[in-house]
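Step one of this worksheet: look at the structure below.
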Amino acid sequence: MTITQSQIRPKPLPTPDFDTEPFWRALKQHSLQLQRCQDCKQAYFYPRILCPHCWSDNVEWEEMSGKGHVYTYTVIHRAPHPAFGEDVPYIVAVVELDEGPRLPVNIVECDIERICVDLPVEVVFEDVNEEITFARFRPQEGAS
Ligand SMILES: [Zn+2]
């Protein structure tokens, strides 16, 4: 049996807190939910109790479409942490959802030669353990 780098040094995982727990709980149920301000109607990321556009605390969680496009990206060729050594090369991107918010994510199921700005993408869910599921994004079916 071969011991891999990721077994020696597991990947760091997020720690849900008061503000982010609903986000992570929804991902566990394979639902991408962000907060939307009920006063100015804008959705936003990252989770927080005040709307970043108008400072209202009248915000509600809402399921997003899971569709968007690549706003910007980079291809990681050198792992920033030993646990990511087996993943390189991989794509880190900022995806702009159709609803407006931008999320830092990994792009999966995508050749690095194919990644480009404006590529239409959709959410997929990666169950990591009992508590954590990640939202990843892949090219939409039929996207060039
Ligand atoms: Zn607002």
Side-chain angles (χ1 to χ4, degrees), residues 5-144:
Q5 276 295 322
S6 60
Q7 289 170 311
I8 298 168
R9 300 278 305 269
K11 291 178 182 170
L13 292 173
T15 305
D17 62 17
F18 178 81
D19 292 333
T20 63
E21 193 278 333
F23 173 77
W24 294 110
R25 180 166 19 97
L27 286 181
K28 196 74 226 164
Q29 298 162 354
H30 291 191
S31 170
L32 177 61
Q33 295 187 18
L34 300 184
Q35 289 159 299
R36 182 182 296 279
C37 177
Q38 303 303 298
D39 290 331
C40 76
K41 307 301 181 196
Q42 295 199 62
Y44 61 90
F45 182 84
Y46 55 89
R48 61 201 116 162
I49 59 172
L50 296 178
C51 169
H53 304 286
C54 75
W55 306 112
S56 169
D57 64 355
N58 185 15
V59 300
E60 299 284 341
W61 289 91
E62 177 182 306
E63 183 165 29
M64 300 287 112
S65 67
K67 308 246 189 250
H69 65 273
V70 172
Y71 177 78
T72 189
Y73 70 92
T74 188
V75 178
I76 306 297
H77 291 278
R78 185 170 177 163
H81 182 279
F84 294 90
E86 297 165 354
D87 297 342
V88 293
Y90 62 91
I91 304 165
V92 174
V94 174
V95 162
E96 186 173 279
L97 296 177
D98 289 350
E99 293 86 352
R102 295 176 184 157
L103 286 73
V105 298
N106 287 103
I107 305 294
V108 296
E109 302 175 37
C110 180
D111 293 333
I112 60 172
E113 295 80 18
R114 187 178 176 201
I115 188 72
C116 61
V117 168
D118 287 337
L119 181 71
V121 291
E122 63 188 4
V123 70
V124 289
F125 299 96
E126 180 187 328
D127 295 314
V128 177
N129 61 29
E130 291 295 312
E131 290 83 35
I132 298 298
T133 294
F134 284 127
R136 311 293 201 196
F137 282 74
R138 68 179 177 202
Q140 287 183 26
E141 197 77 19
S144 57

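Only a predicted model underlies this, so the values are computations on that prediction, with no experimental measurement involved. Just so you know, ligand 1 is whichever comes first in the structure, and atom 1 is the first atom listed for that ligand.
Nearest heavy atom pair, residue Glu131 against residue Lys28, reads O-CD, 3.6 Å. Of all non-hydrogen atoms in Glu96 and Tyr71, the two that sit nearest each other are OE1-CD1, 4.0 Å.
Looking only at atom types and distance, the side chain of Gln33 has a donor-acceptor partner in the side chain of Ser31 under 3.5 Å away.
Separation of the Tyr46 and Phe23 ring centroids does not fall under the 6.0 Å cut-off.
Under the 4.5 Å side-chain criterion, counting only non-hydrogen atoms from C-beta, Asp87 is not in contact with Asn106. You'll find the side chain of Cys37 stays beyond 4.5 Å of the side chain of His53, heavy atoms only.
The Zn ion (ligand 1) has Cys37 SG, Cys40 SG, Cys51 SG, Cys54 SG as protein N, O or S atoms under 2.8 Å away.
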